[in-house]
4 protein chains.
Amino acid sequence: MVDTILEAAAGVLAERGYAGTSTNLVAERAGVSVGSVYQYFPNKDSLVHALHERHAGQMFQVIEAVLGTGPRVTLRGHIEAIVRALMAAHLVEPRLHRVLEQELPFFDVPKADDSPSDKGILVRIRQLLELHQAEIVPQDVQLTAWVIQRILESMVHAAVLEPPPGFSMPVIERAIVDAVMGYLGAR
Amino acid sequence: MVDTILEAAAGVLAERGYAGTSTNLVAERAGVSVGSVYQYFPNKDSLVHALHERHAGQMFQVIEAVLGTGPRVTLRGHIEAIVRALMAAHLVEPRLHRVLEQELPFFDVPKADDSPSDKGILVRIRQLLELHQAEIVPQDVQLTAWVIQRILESMVHAAVLEPPPGFSMPVIERAIVDAVMGYLGAR
Amino acid sequence: MVDTILEAAAGVLAERGYAGTSTNLVAERAGVSVGSVYQYFPNKDSLVHALHERHAGQMFQVIEAVLGTGPRVTLRGHIEAIVRALMAAHLVEPRLHRVLEQELPFFDVPKADDSPSDKGILVRIRQLLELHQAEIVPQDVQLTAWVIQRILESMVHAAVLEPPPGFSMPVIERAIVDAVMGYLGAR
Amino acid sequence: MVDTILEAAAGVLAERGYAGTSTNLVAERAGVSVGSVYQYFPNKDSLVHALHERHAGQMFQVIEAVLGTGPRVTLRGHIEAIVRALMAAHLVEPRLHRVLEQELPFFDVPKADDSPSDKGILVRIRQLLELHQAEIVPQDVQLTAWVIQRILESMVHAAVLEPPPGFSMPVIERAIVDAVMGYLGAR
DNA sequence: GATGAATGAGCATTCATTCAT
DNA sequence: AATGAATGAATGCTCATTCAT
């Protein structure tokens with residue numbers, strides 16, 4: 001039931017935007033009654049929030065998966081894989097992601113568990129940077145990770161939602177990787 | 001009159017966010033009647049769009065002014081000046097900018113195409129790149145300008161609205177310049 | 001417009017009680033739109049409150065009129081006139097009064113003006129008692145007025161809404177007067 | 001079970017008023033499911049009516065107890081005992097009584113006819129009056145009992161819920177007794 | 001009997017927009 | 001042009017009630 005509602009909400013949100021999404025519409029789309037929506041979500045915003053959490057979790061797992069692939073030795077290889085994975089994930093339902101991510105950045109930590117694997121994307125990037133600290137120019141890992149996070153987020157979104165006309169995705173992808181690597185001074 | 005209304009709208013928008021802004025409230029704040037608002041703006045969204053346009057225009061002028069300063073020889077010098085000017089411009093009314101840049105696209109279903117001012121900025125950046133083409137690595141000026149515009153926009157906004165804790169503005173500013181220059185391979 | 005709405009509200013309230021009264025219904029009954037109701041009354045309760053004020057004002061005027069009649073010399077004569085007037089006023093729209101008065105007592109002071117004539121019913125009763133202090137047994141005018149207020153209010157309501165079976169109004173009226181006079185020890 | 005539910009309903013009603021009381025809340029407070037509430041009470045109103053009935057029953061028993069005490073010879077002694085007992089009973093849970101006696105009829109469109117307990121009280125008062133018929137002035141016992149019941153009810157409620165400022169309970173109690181005795185002409 | 005998830009009619013309230021003055 | 005009272009569709013949300021388990 002929760003899933004049915006979330007799926008319906010995702011659809012309505014993608015099609016009509018936040019303002020155009022009403023709880024009654026979501027319920028109708030889900031084939032349940034409004035009351036059932038409110039049984040599981042205290043208000044409209046919590047619905048969107050849940051969708052958001054779900055997406056943030058997915059993005060986190062995408063990055064986890066990429067970084068866990070093991071012997072992908074070079075830094076550039078890692079960055080390439082991350083960018084490719086993020087792009088792929090965002091191309092699935094771009095409309096929904098636009099709505100979702102323009103409210104809150106997708107880098108939000110999904111949960112604050114104690115499990116060491118749940119520290120969020122920012123931590124993962126920092127770990128990656130520390131692993132390759134010898135190869136990169138900026139010395140403050142904290143600040144550098146913040147910058148990279150911004151670059152990745154804004155460019156992946158822009159690439160999916162309003163790509164510069166006349167360039168193929170692989171070319172754009174490469175430009176994003178270049179931007180990150182250029183900043184790291186590790187071209 | 002148009003200006004009075006826009007000013008009022010800017011105030012209300014900054015104070016109460018998009019959802020909290022009503023045409024009646026704007027009219028009251030402007031000291032005119034709702035009818036007068038509708039005399040000049042066909043609907044609520046056109047009001048907000050006008051504000052957005054105004055902001056984009058201001059940013060364009062800021063860049064124009066910087067690039068027109070003449071004998072600022074180095075590329076890094078230009079970039080530094082642009083970043084500094086953008087930061088300064090955004091620090092003036094951060095609350096309004098937050099609404100304009102974070103909330104507006106969220107509530108505004110049909111994604112407004114790039115405004116003329118945005119296009120203008122893109123052109124200016126391209127011109128700057130062409131002027132210094134010898135010093136930079138990426139060869140496609142069009143794509144490079146697009147990337148740089150993304151980086152500038154997202155990082156300036158992030159710096160103003162949610163700066164990484166523990167870093168001073170000059171440090172952050174420098175990081176943004178480094179990111180751009182790094183991408184250009186012209187560190 | 002305000003009056004149209006109040007009239008409609010009075011009708012709906014009398015027919016369906018407080019819980020059964022909806023702002024939309026009132027608007028429909030008044031032949032205006034809900035929006036217009038909210039133009040003049042900030043919320044549902046304020047509607048009921050306004051009706052209440054109106055009624056309290058009417059009751060106050062009824063009493064004013066009676067006591068101002070001048071040379072009605074005896075205390076009993078005054079009390080009789082008051083009871084008769086209150087009964088008459090309540091027999092007009094008993095259903096509405098029931099709803100109105102079971103929420104707040106009808107003795108509420110209508111307004112707290114500076115005008116000496118606007119001190120409320122309680123004050124009027126006290127004045128009457130002071131005028132005839134020689135004839136009555138209870139000595140504390142304040143407390144006595146409070147008791148009489150209670151007796152009048154509860155018995156007039158009861159007489160109109162659930163009269164004891166088998167007794168005519170004049171008989172009941174007389175019983176109320178007897179109760180008041182008996183308490184005053186001035187039978 | 002029925003009692004658990006009624007107890008929970010009394011608590012919720014006292015704390016949150018009629019409008020703030022929902023069957024789900026009562027069920028939760030009682031530690032049972034809504035379904036179980038509906039097993040014993042066909043609807044929300046029947047719950048509140050049951051509570052009302054219970055209260056009326058308690059008042060009846062209070063009066064029974066007082067009048068059954070036997071050799072309390074004088075009429076005034078009986079009235080005093082009744083008033084004192086009623087006051088004591090109402091001081092126990094004034095908030096619940098306020099809801100039951102002020103809010104309930106306001107929300108409850110069809111005026112419930114006098115409950116059997118109310119009738120019982122009326123009968124008891126009549127018996128008392130008949131016992132002392134020689135001492136009292138009003139001759140119609142039926143009407144006189146009705147008047148006294150009104151006076152007792154309204155004044156005890158008023159004394160508990162909105163006592164006149166500056167008077168102690170014993171003084172107020174005495175005033176109530178005086179009112180009843182005065183009406184009976186047996187001061 | 002007991003449960004509680006599901007229902008959905010209904011409600012108070014908002015606000016962009018219109019149009020007679 | 002300017003006004004602002006009037007509009008009414010639409011929204012988020014509640015809660016008494018049902019019924020399959």
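Order of the sequence lines sets the chain letters (A, B, ...), proteins ahead of strands, with each chain counted from 1.
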> Closer to the 5' end of DNA chain F via nearest nucleotide, is it B:M1 or A:Y38?
Replying inline: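 Checking each residue's closest nucleotide, the 5'-ward one belongs to B:M1.
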> For DNA chain F, whose closest nucleotide is more 5', that of C:V37 or that of A:T21?
Replying inline: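 It is C:V37 whose nearest nucleotide is closer to the 5' end.
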> Going through the distances and angles, do B:Y38 and B:T23 end up as a side-chain contact (heavy atoms from CB on, under 4.5 Å)?
Replying inline: CA-CA 9 Å; B:Y38 278 86; B:T23 50; 3.5 Å; yes
> Checking C:S36 side chain against C:V32 main chain: does a donor-acceptor pair fall under 3.5 Å?
Replying inline: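 Looks like no, no N/O pair under 3.5 Å.
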Does [N] have its OP1 or OP2 closer than 4.0 Å to a side-chain nitrogen or oxygen of [X]?
| X | N | value |
| --- | --- | --- |
| B:Y40 | F:dA2 | yes |
| D:S36 | E:dT3 | yes |
| B:T23 | E:dC15 | no |

>> Show, in sequence, the C-alpha distance, side-chain angles and deciding distance for B:H97 and B:H157, and conclude whether the side-chain hydrogen bond (donor to acceptor under 3.5 Å, both in side chains) test is met.
In response: CA-CA 8 Å; B:H97 294 147; B:H157 289 164; over 6 Å; no
Nearest whole angstrom, please: distance from the [atom2] of [N] to the [atom1] of [X].
| X | N | atom1 | atom2 | result |
| --- | --- | --- | --- | --- |
| C:L25 | E:dA9 | CG | C1' | 15 Å |
| B:L47 | E:dA16 | CG | C1' | 12 Å |
| D:D45 | F:dA16 | CG | P | 10 Å |
| B:R16 | E:dC15 | CZ | P | 8 Å |
| A:I5 | E:dT7 | CD1 | C1' | 12 Å |
| D:K44 | F:dT18 | NZ | P | 15 Å |
| A:Y18 | F:dT11 | OH | P | 13 Å |
| C:N24 | E:dA12 | CG | C1' | 8 Å |

Check every atom of [options] against the side chain of [X] and return the nucleotide holding the closest atom.
| X | options | value |
| --- | --- | --- |
| B:V34 | E:dA9, F:dC15, F:dA5 | F:dA5 |
| C:Q39 | F:dT14, F:dA5, E:dA16 | F:dA5 |
| C:S33 | F:dG12, E:dT17, F:dG8 | F:dG8 |

>> Return the pairing partner of E:dA12 with a 3.5 Å limit on both distances, Watson-Crick or G-U wobble; otherwise return none.
In response: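 Pair assignment: E:dA12 / F:dT11.
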>> Pairing check on F:dA1: which nucleotide meets the Watson-Crick or G-U wobble criteria with it, both distances under 3.5 Å?
In response: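 With both distances under 3.5 Å required, F:dA1 matches none.
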> A:H90 versus A:M59: any side-chain heavy-atom pair under 4.5 Å?
Replying inline: yes
> Are C:K44 and C:Y18 in a cation-pi setup, meaning NZ or CZ lies under 6.0 angstrom from the ring centre and within 45 degrees of the ring axis?
Replying inline: yes
>> Quick check on DNA chain E: between A:G35 and C:P42, whose nearest nucleotide comes earlier from the 5' end?
In response: A:G35
